[in-house]
Amino acid sequence: MPANSHSASPIRFTTVPSSLGVVLVACSARGIGAVLLGDERVELEQELVRRFPNAVRSDDPEIAALARRVVDVIESPSHGDDLPLDLQGTAFQREVWEALRAIPAGTTATYAEIAERLGRPAAVRAVGQACGANNVAVLVPCHRVVRGDGSLSGYRWGVERKRALLQRERTERAR
DNA sequence: TATTCCTGTCCTG
DNA sequence: CAGGACAGGAATA
């Protein structure tokens with residue numbers, strides 16, 4: 001049991017294919033620290049290492065099982081998730097991400113609504129910033145936040161994926 | 001329609 | 001440390 005001093009505990013990751021492209025799942029001892037979406041495996045690995053320099057690839061079955069569960073949530077949003085998360089961010093960012101998790105699948109909220117929910121109605125723009133800083137795609141549903149005029153605005157992993165996720169969740173909710 | 005300002009955070013010089 | 005850039009939005013002209 002290596003007692004780690006100030007260098008964070010190792011973060012292990014693996015990648016799996018999905019209908020939305022490659023999914024990279026990384027986790028620490030506390031839980032899932034990152035879920036990245038992209039077109040190419042290498043691209044995602046580079047992005048992860050940029051954010052977590054101490055991340056290492058792992059073929060641990062435990063990680064693989066976790067990754068499979070993440071893909072399940074992606075493919076079938078109504079599946080619900082109780083996966084352990086290890087979110088790192090400022091107090092404000094955590095508040096935002098917490099608020100996002102309260103948005104039911106199949107529905108959306110505006111950046112203004114989130115800001116209001118936090119008691120900071122004027123911090124709308126900061127909310128957008130916090131969403132973009134989120135490392136855990138899908139499980140922290142930043143894709144369910146839209147503009148006041150209904151447009152999808154942006155998405156860190158591509159607006160097309162945002163559109164696909166929302167459409168899928170609406171379909172699941174309808175049945 | 002075009003500016004301007006607001007808010008929290010990050011990035012860059 | 002200062003200034004600019006953002007996945008927004010309301011107010012003003």
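The basis for the numbers below is simple: all heavy atoms, side chains too, and nothing from hydrogens, waters or symmetry mates.
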Checking the side chain of [X] only, and the main-chain atoms of [Y] only, is there a donor and an acceptor separated by less than 3.5 Å?
{"X": "A:Arg161", "Y": "A:Gly38", "value": "yes"}
{"X": "A:Gln46", "Y": "A:Glu43", "value": "no"}
{"X": "A:Arg156", "Y": "A:Leu37", "value": "no"}
{"X": "A:Gln88", "Y": "A:Gly33", "value": "no"}

*A:Arg94 and A:Leu87: which non-hydrogen atoms are nearest, and at how many Å?*
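Looks like NH2-O, 2.7 Å.
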*Non-hydrogen atoms of A:Leu152 and A:Lys162 that approach each other most closely*: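 Closest approach of A:Leu152 to A:Lys162: O-NZ, 2.7 Å.
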Are there over 12 heavy-atom neighbours, none belonging to [X], within less than 6.0 Å of that residue's [atom1]?
{"X": "A:Arg101", "atom1": "CZ", "value": "yes"}
{"X": "A:Glu98", "atom1": "CD", "value": "no"}
{"X": "A:Glu47", "atom1": "CD", "value": "yes"}

*asked:* Mind checking if A:Tyr111 touches a base, just sugar-phosphate, or nothing, with heavy atoms under 4.0 Å?
replied: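 Base, at least one base heavy atom under 4.0 Å.
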*Side-chain donor-acceptor contact under 3.5 Å, A:Glu45 with A:Thr15*: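 A:Thr15 and A:Glu45 do not have a side-chain donor-acceptor pair below 3.5 Å.
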_Can you check the distance between C:dG4 and B:dT4, where both ends of the measurement are the P atom (answer in whole Å)?_
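Comparing P positions in C:dG4 and B:dT4 gives a spacing of 14 Å.
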*In chain order, what residues pass the side-chain contact (heavy atoms from CB on, under 4.5 Å) check against A:Arg147, with sequence neighbours excluded?*
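Residues passing side-chain contact (heavy atoms from CB on, under 4.5 Å) with A:Arg147: A:Asp149, A:Ser151, A:Ser153.
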*Below 4.0 angstrom, N of the basic side chain to O of the carboxylate: do A:Arg12 and A:Asp59 qualify?*
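A:Asp59 and A:Arg12: not salt-bridged.
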*At the 4.0 Å heavy-atom cut-off to chain A, mark where contacts on DNA chain C begin and end, going 5' to 3'.*
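Reading along DNA chain C, I get C:dC6 to C:dG9.
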_Strand contacts (DNA chain B) in residues 127-165 of chain A, 4.0 angstrom heavy-atom criterion_ =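 DNA chain B contact set from residues 127-165 of chain A: A:Gln129.
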*Dot-bracket for DNA chain C, 5' to 3', with Watson-Crick and G-U pairs under 3.5 Å, [ ] for crossing pairs and | for other-strand pairs: what is it?*
||||||.||||||
*Quick one: which residue pairs count as a ring-ring contact (aromatic ring centres under 6.0 Å, His included) with a foot in residues 132-156 of chain A, not counting sequence neighbours?*
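Qualifying pairs: A:Tyr155-A:Trp157.
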*Shoot me the first and last contacting nucleotide of DNA chain B against chain A, ordered 5' to 3', at under 4.0 angstrom to non-hydrogen atoms.*
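Answer, 5' to 3': B:dC6 to B:dC10.
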